[in-house]
Amino acid sequence: MNYSYEDIGKQFISHLQGALSRRGFTISDRTMLPVGQDTRLQLLKAIEESEIYVVVFSNNYASSVRSLDELVDIMECLGRFDQRKVLPVFYNVEPSDVRSQEGSFKEAFQAHKADEDIDSDRVQKWKQALRDAGQLSGLTMQNGDEGKFVSDIVEQLEKMQNPQELHVADHPVVLGSRVKELISTLRLDCEVVLVVAVFGISGIGIHYRGGSNWKIELQNMLISCLSQNCKFPSMDHHNEGVTKIKKLIRGRKILLVLDDVDNFEQLKSLGINPAWSLDELVHIMDCLGKLDQRKVLPVFYKVEPSDVRSQDGSFKDAFQAHEANDNIDPKRVQKWKQALRDAGLLSGLTLQNGDEGKFVSDIVEQLEKMQSPQELHVADHPVVVGSRVKELISTLRLDCQDVLVVAVFGISGIGKTTIVRATYNKISSYFDVSCFLGGIHYRGGSNWKIELQNLLISCLSQNCKFPSMDHHNEGVTKIKKLIRGRKILLVLDDVDNFEQLKSLGINPAWFYKGSRIIVITRDKQSLGIIPYTSYQTTELNRRESLNLFNQLMFSRDNNLVNMKFIEEVAALSGGLPLVLEVWSRYFIGHERKQWPSLLKKLKRIPHGDVQKQLQMSYDSLSATAKNLFLDIACFFDGMDKELVFKVLHDEESAFFPDIEIQHLVDKFLVKDSDEDGFIMVVMNQVIREMGQEVIRQENVDEPGKRTRLISDWDILRLFRDCSGTDSVRSIKLESSDIEEPVTVQIEAFKKMSNLRFIQLRRKLRWSFSSKDVIDKARSCFSFKHLKYLVRKRNKAPCKSMSACLSFKHLKYLEWEGFPCKSLDNIDMGNVVVIALWHSKLEKLWEGVKRVVGTDSVRSIKLESSDIEEPVTVQIEAFKKMSNLSFKKLKILDVSESTSLAKTGNFIGLENLEELNLTKCFKLEGLDSSIGCLQKLVELDLSCCTGLKRLPWEMICKLTSLQKLNLLNCFNLMEISHEIGSLISLKHLDLGGYTRSKNLPNSLCQLHQLTSLYLSYCHNLKSIPDLPLNIQYFYAEGCPNLVNLPSNISELQFLMHIRLDNCSKLGSEGFTQVTTLRNLKTLDMSNCNISQVSSGIGNLVSLEHLYLSRNTFSSLPESFSNLSKLKELFIDDCSELQLLPPLPSQLTDIDATKCISLDVMSFNSMQKAFFKVFKESLMNTEGFFFRLSGEELPEWCTYRNSGNVLSFVAPIRFDSKICGILSCATTDYWPTFLTIHNKTKEKSHRMATRDRVFTIPEVEFSTLKVVFCPLNNKTVVVEAGDTVELWFDRATSCGLRLVYEDDLVDSGLVLPS
């Protein structure tokens, strides 16, 4: 007996034990164990020797740790020993509270979780034991007669101890041998469910059941026997009975005898579903997927494996019979087929008219190999290996008879070898010979080829002693002989060049069919010319990192670790198992109070073991590749790939970054990342930190002597004390951690003459030291090409003209808050990118009005004494003769330079591709020389509000221009008709242009144009014809717009249109766009649409439709043709009264403020949303519907005030729960719905997709209706489950369960 002694030991239990003793039961419990002996051992012995376990659950049962431990032991014995039975007794507690740990059980478990002395694994075992015991059939008392309850328990235990004996015969003398035969046929040692038919003549029983309710009568008999209860609710339909029987037999080992059966309907009514060989195979394949270390050996005895896989030949005939049998569920047939496909794909043994004796020997030999293969150690904590092993096995295609080379790629420390070792252990038994050669990278010396060959030959021959070889060619010959005719699994770990594979004779043509060669490498180039299939090892995701780190820490320390700390560690690990393993040892080696400080240190300086392992990849690079790697790690990480190519490309030194970066990608040191259509050059966080540590080690104490600077504090210190040197190659300052203003010295740049890359994304206060006042006066001098300077009476070179900034090697300059007023005096002859946001620039470069010199001047000689009087000259004359050049400049971005008034001359910038002058509010115009920029691709003048006129004649000569942005240039006087000459233009933004009612007709000549933005052109009345290639057309906020382009129906490439708040377009404007069959997005909110044209059904590609704030009263029936529509926004349509049947892909409707639209009844909702609900069953997204309202609809069968709703799913035998239709009233837009099945301990969270960016504050109550499909991808809810719903910020909530029967209509059936 198991119970809480402190709770009921002296009351109810004493009465029960007395009654049992009087009936002759031998009782044992913890209080009766012998004193002075090992209590734990004696308790286990008592449990194992007992036949029946009585578990009495009471209010304080879960507070007793001893009782919970005992229960775990009891449930384990129940599984291990036959003939053991459990009787749960629920004494003043609900069985559901025991199963779900609710009520007093919940409070007790909260206390257990808070107890640091109790292991979390132990708590989980208690929960599982309570769930298992709570699901068993038992006896319950709630405030009843205790005396009668004790009698009921005794009566039930007597039934369990003495099962009903059947009368056999008065003289059973001839039965013995037949009973033995039948018992043998029953195969009681087999765990498979068997149906045994005993055939013969005569007898009585089931055959005699008749009448209209014979099925229910039969079911009642079986239910009564299974439940040992003669009193239960009557049933209206025999389907209820089948459901009850299924529940009663679940998880129980049943012996069921049905006497005198004479038709199949009798068996069918009782839910008799025999499991034949195919069901057994389904179960086997399921176990293979769920359980580790399980193997399958398919034996194809006089059948072709292809017949098994494809169900051809005799298999085809059998399946035709199965499919024609109405008594076999088609879903069951599909499972059989899948199991045969899966089994037929596995490597096995085949016999076709051969020697059966030898075949048997082959099977035995193969099974011996499978039973005792050479196991490789995988990892101490292989918690994240399983799914990756499955992926790799799938990549290996073991069913294919071709020879495959599979390359396992990934960076150091990502777990490549661990995954392959685990895979090797799973599949090695399917091969004749399996070899794993590790550490190939470390083989060196003059004889490394022969050493490698010896290793492989030893493994293949299983012989360590063989004649030595004089030349590696001999080794290749021996290897070829050893692999001939044998199915080989060969793993080569840590390969780093093709010569290693070549020396081992890795040529797929030499290997026997079905062989597999797995090459583990950090470099794609190491495969050379060998054809291969790749498997890319991926980093651990957040959850996997957390799990692994937990395992690594808790294997040594069971105390709870701060979860915030663990999450921070996991986030910093870069998803590399190596890092987590090293760090876990590091933390465990120190006191817990030191861990936060250790973590801070790891953020700045990588752990030595991690650095050593990861740096091997870096050390193997060439000098050029090392430089590039460090440039990316310290500067270019996260930048656009095309931009990096432009900056680093160097024809003179034959450096082609596209090729060099690809080499780093092939070595998995760098990867490409697609972000919103832009390909970025990115590094794994830990790899980047490894590269930065290489730089730190260049000079630990003096940052100014390193080649690259990335630490904020190091850079600020260098700027303050001018400690830089010409070693510095790049500076990157982008952190906002330093909040206080910092004043630094501009002179700090003088000593850093080799700078290539500068990025200063922090506004700094720059100062000049007083001793350089004279030099500042001379800062206009920049003589980068000057080799010799002679001054009369002084033949020595001038040493005082070097005060100006000199960036002659600089290729990339990004400087926020640039302090100079122009770029004239800065030597940047090699610069490719200049980005000077928020700069102090007043002009890009000075114009020369009274000075005649030009940059073509190469020498000046003045020595005549003919001019006697003193002459005053302009020192600025030297500026124009500086021969400063921006010929390599491709990108110039001075956006938000609010003091910039003029640009200056563009001559000499012939390679400029992008010019960005956004938000230069004082800019008055562009220099007419802009027409010389024949390579200019992008010109951005958006928000240049001071701009009045443009040199259109010159701009229209820019034949390469693809993007012209004039957004919010409010004061621009005209858009010239010459704009039609921009033959390459693809993107044109004229948003906010208010000076004219019309646009030039020449727009239709822009044949390359794909995007046109005319937003908020308030005076615009009509739009001319547009080019046929247009895809994006935005003209929202044009209140005077009356006419769309006359050729709108011809614009069949149009995919996105925004015309919201164009109130004069009306219904006619809407009708005009209904011919665009490729349209995906249409926004005509607030366009005064009084009737929606039936032509809307033509928009078959439409995915997003916005018709808010219009006056139509209904949507046409053709609306249901929009089969791809996902979002419908019809909010604030005050006249809308009815919704038609909606398209099936629709997942989101906003109908708030539709005051004429009533909250639909459930039947109406079924009709309108039928296709939507059906489609939602197959995904996880569900369906969202928003209306205005403060009251829950009448169709809610469960409701509650507040944001939480709890219910127990009712028993319904005729249909399955397939979804929840929930609703909530709220005045907050972004709302989340969480469904938590407390019985199954599983949750699913759904975020409602609200347009919070359009309505930040809501002044009315919203009723949100959400349909959530219930399936394996979300959460499953079954009858009897306790479920909770949480709506964030809801004032009330309700729900209705949706059953399969609710969604069966018009002959449609539910998806399987």
(message) Taking Asp121's backbone N and O only, do any of them form a donor-acceptor pair with Asp119's side chain (distance below 3.5 Å, no angle check)?
(response) yes

(message) Could you check whether Arg99 pairs with Asp132 (Lys NZ or Arg NE/NH1/NH2 to Asp/Glu carboxylate O, under 4.0 Å)?
(response) no

(request) Taking Arg1199 for its side chain and Pro1193 for its backbone only, find out whether a donor-acceptor pair lies under 3.5 Å. (result) yes

(message) Take a 6.0 Å sphere around CG of Asn1272 and say whether it holds more than 12 heavy atoms from other residues, nucleotides or ligands.
(response) no

(message) Please tell me whether Ser58 and Asp7 have a donor and an acceptor in their side chains that are separated by less than 3.5 angstrom.
(response) yes

(message) So Leu71 and Asp69, do their side chains get closer than 4.5 Å, heavy atoms only?
(response) no

(request) Assess the side chains of Trp336 and Gln334: does a donor N or O sit below 3.5 Å from an acceptor N or O? (result) no

(request) Look up atom CZ in Phe1287 and atom SG in Cys1223, then write down how far apart they are to the nearest 0.5 Å. (result) 7.0 Å

(request) Check whether any side-chain N or O of Ser1222 sits under 3.5 Å from a backbone N or O of Val1266 as a donor-acceptor pair, and report yes or no. (result) yes

(request) Indicate yes or no for a side-chain donor-acceptor contact from Glu544 to the backbone of Asn541 under 3.5 Å, with no hydrogens or angles considered. (result) yes

(message) Is the distance from the ring center of His112 to that of Phe109 below 6.0 Å?
(response) yes

(request) Assess the side chains of Ser1243 and His1236: does a donor N or O sit below 3.5 Å from an acceptor N or O? (result) yes

(message) As an exercise, state the distance from OG of Ser64 to CZ of Arg66, rounded to the nearest 0.5 Å.
(response) 7.5 Å

(message) Quick one about Arg1296 and Thr1197 (side-chain donor to acceptor, distance below 3.5 Å, no hydrogens or angles considered), yes or no?
(response) no

(message) Closer than 3.5 angstrom, by distance alone: can the side chain of Asn1200 be matched with the main-chain N or O of Val1204 as a donor-acceptor pair?
(response) yes

(request) With rounding to the nearest 0.5 Å, note down the distance linking CD in Glu146 to CG in Leu16. (result) 10.5 Å

(message) As an exercise, state the distance from CZ of Arg543 to CG of Leu548, rounded to the nearest 0.5 Å.
(response) 12.0 Å

(message) Just to verify, which of Val93, Ile13, Leu87 counts as forming a side chain to side chain contact (heavy atoms under 4.5 Å, CB included) with Val56?
(response) Ile13

(request) Taking atom types as modelled, find out whether Thr1291 and Thr1225 have a side-chain donor-acceptor pair closer than 3.5 angstrom. (result) yes

(request) Please report the closest heavy-atom contact between Thr1239 and Gly1280, naming both atoms and the distance. (result) OG1-O, 4.2 Å

(request) Give a yes or no on whether a salt bridge exists between Glu1278 and Lys1216, defined as a side-chain N under 4.0 angstrom from a carboxylate O. (result) no

(message) So does Ala46 get a backbone contact from the side chain of Ser28, meaning a donor-acceptor N/O pair under 3.5 Å?
(response) no

(message) Counting only heavy atoms not in Lys1242 (residues, nucleotides, ligands), do more than 12 fall under 6.0 Å from its NZ?
(response) yes

(request) Before giving the answer on salt bridge (Lys or Arg N to Asp or Glu O under 4.0 Å), spell out for Glu51 and Lys85 the whole-Å C-alpha distance, their side-chain angles and the decisive distance to 0.1 Å. (result) CA-CA 7 Å; Glu51 294 177 3; Lys85 301 162 189 170; over 6 Å; no

(request) Output the distance between atom CZ (Arg84) and atom OG (Ser50), rounded to the nearest 0.5 Å. (result) 7.5 Å

(message) Please enumerate all residues that pass side-chain hydrogen bond (donor to acceptor under 3.5 Å, both in side chains) together with Lys335, with sequence neighbours excluded.
(response) none

(request) Would you please indicate if the ring centroids of Phe12 and Tyr91 are separated by under 6.0 Å? (result) yes

(request) Please report the C-alpha distance between Arg1245 and Thr1234 in whole Å, then the side-chain angles of each, then the deciding distance to 0.1 Å, and finally whether the side chain to side chain donor-acceptor pair (under 3.5 Å) criterion is met. (result) CA-CA 4 Å; Arg1245 184 171 172 85; Thr1234 302; 3.2 Å; yes

(message) Within the 3.5 Å criterion, strictly below it, is a donor on Tyr53 or Asp73 matched to an acceptor on the partner's side chain?
(response) no

(request) State whether a side-chain donor-acceptor pair under 3.5 Å links Tyr3 with Asp29. (result) yes

(message) What I want to check is whether the side chains of Asn1271 and Thr1274 have a donor and an acceptor closer together than 3.5 Å.
(response) yes

(message) Regarding Lys1238 and Glu102, does a basic nitrogen lie under 4.0 Å from an acidic carboxylate oxygen?
(response) yes

(message) Quick one, Val89 and Val55 - any side-chain contact, counting heavy atoms below 4.5 Å?
(response) no

(message) Please check: side-chain N/O of Ser104 versus main-chain N/O of Asn59, any donor-acceptor pairing under 3.5 Å?
(response) yes

(request) Find the distance between OG (Ser14) and OH (Tyr5) and round it off to the nearest 0.5 Å. (result) 9.0 Å

(request) Compare all side-chain heavy atoms of Val154 with those of Glu158 and state whether any distance is below 4.5 angstrom. (result) yes

